[in-house]
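Please read the structure below before turning to the comments.
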Amino acid sequence: HNPAVKSPMTLDAFLTMNRKIDDGQDLPEEFLTNLYESIRTNEFKIPDGGGSLVDTFVDPERTGYLVKEGGSHKSWKKRWFTLCNSCLYYFETQDSTKPKGTIPLENLIVRTLPEHS
């Protein structure tokens, strides 16, 4: 949820985007619909513990570069990612201090997949 988004994603688009993401199987439509509604109605904010934004990223669970598809231009960009507090934050570079975006991961399982040759 972000009030600045001019064309928010529809439920149909959300369902389509999340097809076959559970080991090649679809997640239950009721689950995805509830998740969509939760995202749509609850604004996501970076936690504010009274400290600086940098304090949010102290002792992350994982960090590293990943390649992410852009939102409006659909090109692939290398971004620095930080996983902490059930949220994936991404930055322009490892030295950036303000995230370019966030991906909430509540109620999801993150796991490492074997490398494909």
Side-chain angles (χ1 to χ4, degrees):
H1 168 79
N2 182 338
V5 174
K6 294 178 184 173
S7 299
M9 183 178 289
T10 65
L11 174 59
D12 287 337
F14 184 78
L15 294 173
T16 299
M17 180 182 76
N18 288 290
R19 285 197 180 122
K20 309 280 187 228
I21 64 169
D22 185 23
D23 284 332
Q25 302 296 314
D26 289 339
L27 293 169
E29 188 170 329
E30 180 181 1
F31 170 79
L32 289 174
T33 300
N34 290 338
L35 179 60
Y36 171 83
E37 288 300 324
S38 174
I39 293 168
R40 190 180 65 80
T41 58
N42 299 304
E43 181 177 2
F44 178 79
K45 295 182 179 180
I46 293 175
D48 183 11
S52 73
L53 184 60
V54 173
D55 292 338
T56 302
F57 308 111
V58 172
D59 197 26
E61 296 168 50
R62 297 270 193 268
T63 60
Y65 278 102
L66 296 171
V67 179
K68 178 193 171 299
E69 185 177 22
S72 57
H73 292 96
K74 301 298 181 203
S75 60
W76 292 90
K77 303 275 185 177
K78 182 178 175 183
R79 297 286 183 237
W80 180 258
F81 281 79
T82 298
L83 175 64
C84 58
N85 302 321
S86 297
C87 192
L88 195 56
Y89 301 89
Y90 58 96
F91 302 81
E92 182 105 22
T93 68
Q94 183 176 358
D95 297 325
S96 301
T97 57
K98 184 175 179 187
K100 290 187 68 66
T102 58
I103 303 169
L105 301 175
E106 291 178 350
N107 302 317
L108 299 176
I109 297 171
V110 177
R111 61 192 164 135
T112 303
L113 293 176
E115 290 192 34
H116 297 292
S117 48

Measure from the side-chain N and O atoms of Y36 to the backbone N and O of M9, and report whether any donor-acceptor pair falls under 3.5 Å. yes

Gap separating the [atom1] atom of [X] from the [atom2] atom of [Y], nearest 0.5 angstrom:
| X | Y | atom1 | atom2 | result |
| --- | --- | --- | --- | --- |
| Y89 | I103 | OH | CD1 | 11.5 Å |
| L35 | L27 | CG | CG | 9.0 Å |
| F91 | R79 | CZ | CZ | 12.0 Å |

So for atom CD, which belongs to E37, do other residues, nucleotides or ligands contribute more than 12 heavy atoms lying within a distance under 6.0 Å? yes

Taking atom CD of E69 as the centre, report whether more than 12 heavy atoms of other residues, nucleotides or ligands fall under 6.0 Å from it. yes

By side-chain contact (heavy atoms from CB on, under 4.5 Å) - contacts of Q25 (at least two apart): none

Sequence neighbours left out, what passes side-chain contact (heavy atoms from CB on, under 4.5 Å) with E61? Give chain and number order. L83

Within a strict 4.5 Å, meaning less than it, do heavy atoms of the Q94 and Y65 side chains meet? yes

Looking at every heavy atom in both T82 and P60, which two are closest together, and how far apart are they? CG2-CB, 3.5 Å

Identify all side-chain donor-acceptor contacts of residues 13-20 below 3.5 Å with residues at least two apart in sequence or on another chain.
{"from": "T16", "atom 1": "OG1", "to": "D12", "atom 2": "O", "distance (Å)": "2.9"}
{"from": "N18", "atom 1": "ND2", "to": "F14", "atom 2": "O", "distance (Å)": "2.8"}

